[in-house]
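A note on names: the letters A, B, ... follow the listed sequences, proteins ahead of strands, and every chain is numbered from 1. The structure displayed is predicted, hence computed values, not measured ones.
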There are 2 protein chains.
Amino acid sequence: MESEELRNVGLKVTTPRLKILGLLENAKAKHITAETIYRQLGESGEAIGLATVYRALAQFEAAGLITRHQFEGGQTVFELERGPHHDHIVCVRCGRVEEFYDKVIEDRQREIAENFGFTLKDHALTLYGECNDENCLGRTG
Amino acid sequence: MESEELRNVGLKVTTPRLKILGLLENAKAKHITAETIYRQLGESGEAIGLATVYRALAQFEAAGLITRHQFEGGQTVFELERGPHHDHIVCVRCGRVEEFYDKVIEDRQREIAENFGFTLKDHALTLYGECNDENCLGRTG
DNA sequence: TCGCAAGTGAGAATGGTTCTCATCTTACAT
DNA sequence: ATGTAAGATGAGAACCATTCTCACTTGCGA
Ligand SMILES: [Zn+2]
Ligand SMILES: [Zn+2]
Ligand SMILES: [Zn+2]
Ligand SMILES: [Zn+2]
């Protein structure tokens, strides 16, 4: 249950937090902005203050429940951290987001950091391109 | 000369643009924020409006003279686009930035995009870690 | 040298995010 | 169950990097 998840990371179980977690699980889009969370909760009658949404997301991130991504030209998006690590490829025309994991790249990153004498803590990799989805191609030609 | 560079990309040669380009070339830090450019020009008696700095940077970027990077938790930084493409590794303690190019990673990116049916246009890769610089280690232990 | 399209700068506006603070809740002990 | 203290909430203000506005200035081809 979601209550467990909150307790496990040392957060009090509150209605706003449960609603936000629940929305992250059930939202159609996996990568979602704070604004969207705020708006969707409002529309479904579960009004939560925007400040609370931001606060909860920051806490969830600190607790490792979610991750945050900043795709170029867009606002910050959040996603539930379930399953293994992955990076993203984003269509610059339609905004479609796909996920991938590439062991070759992950390994090289570690080697590169090592060569510079860095202890690798994190990385951000996003590919940008134009997708071949029919709904995307249809828009611009 | 810098005037050439501006003319070559179809921009009028103006004093503000020349000063900003010049600063980008001579600044100690290669990766620099708009604010810093604004402040450093001001300090050296070459006051330029902040809006002009942002405008010029946007035009330089569109013209391919500079690139823009958004390292996590920091403001946007700009750097002169001279020499081959590279990505970055950033120390999360002291902010030190190093550059690298890795053919293996670059090639894999292209393959991944292809597999998703995307035409790769761009990518953003930044590694975050803790460096072993003495000035860095000294700070936190 | 002129004329005007283009550029500039001060300050206002924007917009995403964070902060403030008075008011609620949760979690825990009685 | 009830009291209570620590923590959470929400409305709106504040923040801050960036962009916009607009009256004035400048680069540059004719
Ligand atoms: Zn994802
Ligand atoms: Zn697309
Ligand atoms: Zn660089
Ligand atoms: Zn360091």
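For the helix from C:dT1-D:dA30 to C:dT30-D:dA1, the rotation axes defined at the first and last 5 base pairs enclose an angle of 30°, given to the nearest 10°.
Going from atom CD of B:E35 over to atom C1' of D:dT18 covers 10 Å, rounded to whole Å. Whole-Å rounding puts the B:L18 CG to D:dT26 C1' distance at 13 Å. As rounded to whole Å, 11 Å separates atom P of C:dG16 from atom CZ of A:R39. We find that CG of A:L6 is positioned 18 Å from P of C:dT25, with the value rounded to whole Å. Between the P atom of D:dG7 and the CZ atom of A:R7 lies a distance of 17 Å, rounded to the nearest Å.
Across residues 64-76 of chain B, B:Q75, B:T76 each have a non-hydrogen atom less than 4.0 Å from an atom of DNA chain D (numbered order). The stretch residues 25-34 of chain A has no heavy atom under 4.0 angstrom from DNA chain C at all.
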Go through it in stages, so that I can follow the logic: the residues are B:L127 and B:H88, the test is side-chain contact (heavy atoms from CB on, under 4.5 Å), and I'd like the CA-CA distance, side-chain angles, deciding distance and then a yes or no.
CA-CA 6 Å; B:L127 310 185; B:H88 300 89; over 6 Å; no

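Comment: A:E5 does not engage A:R7 in a salt bridge, judged by the lack of any side-chain N to carboxylate O separation of less than 4.0 angstrom. A salt bridge links B:E111 with B:R108: the closest approach of a Lys/Arg side-chain nitrogen to an acidic carboxylate oxygen falls below 4.0 angstrom.
The salt bridge (charged side-chain N to carboxylate O under 4.0 Å, His left out) analysis of residues 57-71 of chain B, with sequence neighbours excluded, yields the pairs B:E61-B:R68.
Within the structure, every side-chain polar atom (N or O) of B:Y54 is placed at least 4.0 Å from both OP1 and OP2 of D:dT19.
Connectivity analysis of hydrophobic side chains (ILVMFWY, heavy atoms under 4.5 Å, direct or indirect) links B:V104 to A:V104.
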Under-3.5 Å N/O pairs linking protein and nucleotides 6-10 of chain C:
unit_1, atom_1, unit_2, atom_2, d
C:dA6, O4', B:K12, NZ, 3.2
C:dG7, OP1, B:R17, NH1, 3.3
C:dG7, OP1, B:R17, NH2, 2.9
C:dT8, OP1, B:T14, OG1, 2.5
C:dG9, OP2, B:G49, N, 3.2
C:dG9, OP2, B:T52, OG1, 2.7
C:dG9, N7, B:R55, NH2, 2.5
C:dG9, O6, B:R55, NH1, 3.1

